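Just so you know, these numbers come straight off a predicted model, no measurement behind them. Note that the numbering runs from 1 along the sequence shown for the chain. Only this structure's heavy atoms are used, side chains among them; waters, hydrogens and symmetry mates stay out.
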Amino acid sequence: MVKRKMMIRNVVVLWLATAALVGAQVPSWSVSIINGLSHLDLNVHCQSKNDDLGNHHLVKHGDTYKWSFKENFWGTTLFWCTLEKSDAYVSFEVFWPESWSNTWLRDRCGPEATCIWVAKDGGIYLKNNPANRDEFIHKWWIGK
């Protein structure tokens, strides 16, 4: 009976240690939405399946809305945002799960795990952090 209790305790300790190591290796990500519009304010509404981050009003050029998170255990974390200006809008994914063979987003967000989206007059850009340049990703949809 004592050996069985010891074995169960060892399995539990091993399981807890493994869970702690796996959790420690999950990076903390941050996503920023920046108002890069020349003369317009920007309304931002972001959410995931589990979290509605609410509405945010970025009044002037350079205003930023930012949040941080850790991916879920299954690696299926997905966030999307709707951005609206007075004459146009766009809705798109700002963070999505990737496989080891497809790391497009993570390659641009860089080792800092920071994804920076910029709303400009000409569309939505993602900052390619390692290359230090903005890449055009989405066009504005005219109307509301």
Sequence-distant partners of [X], side-chain contact (heavy atoms from CB on, under 4.5 Å), two or more places apart:
X: L40; result: L37, K85, S86, D87
X: C81; result: I33, C46, W67, L83, V94
X: D107; result: T103

request  = Could you list the residues that satisfy salt bridge (Lys or Arg N to Asp or Glu O under 4.0 Å) with K66, not counting sequence neighbours?
outcome  = none
ask   = In chain order, what residues pass the salt bridge (Lys or Arg N to Asp or Glu O under 4.0 Å) check against E135, with sequence neighbours excluded?
value = R108, R133
Suppose we screen for side-chain hydrogen bond (donor to acceptor under 3.5 Å, both in side chains). Which residues come up paired with [X], at least two apart in sequence or across chains?
X: T76; answer: N72
X: D63; answer: K60
X: W96; answer: E98
X: S91; answer: T82

message = Give me the atom names and distance for the closest heavy-atom approach of W140 to A88.
response = CB-CB, 3.7 Å
key: Pairs flagged by salt bridge (Lys or Arg N to Asp or Glu O under 4.0 Å) wherever residues 110-128 is involved - sequence neighbours left out   = K120-D134
message = Quick test of your reading: applying ring-ring contact (aromatic ring centres under 6.0 Å, His included), list the pairs with at least one residue in residues 109-128, sequence neighbours left out, ordered by first then second residue.
response = F92-W117, Y125-F136
task = Would you mind listing every ring-ring contact (aromatic ring centres under 6.0 Å, His included) that reaches into residues 37-59, with sequence neighbours excluded?
result = H56-Y65
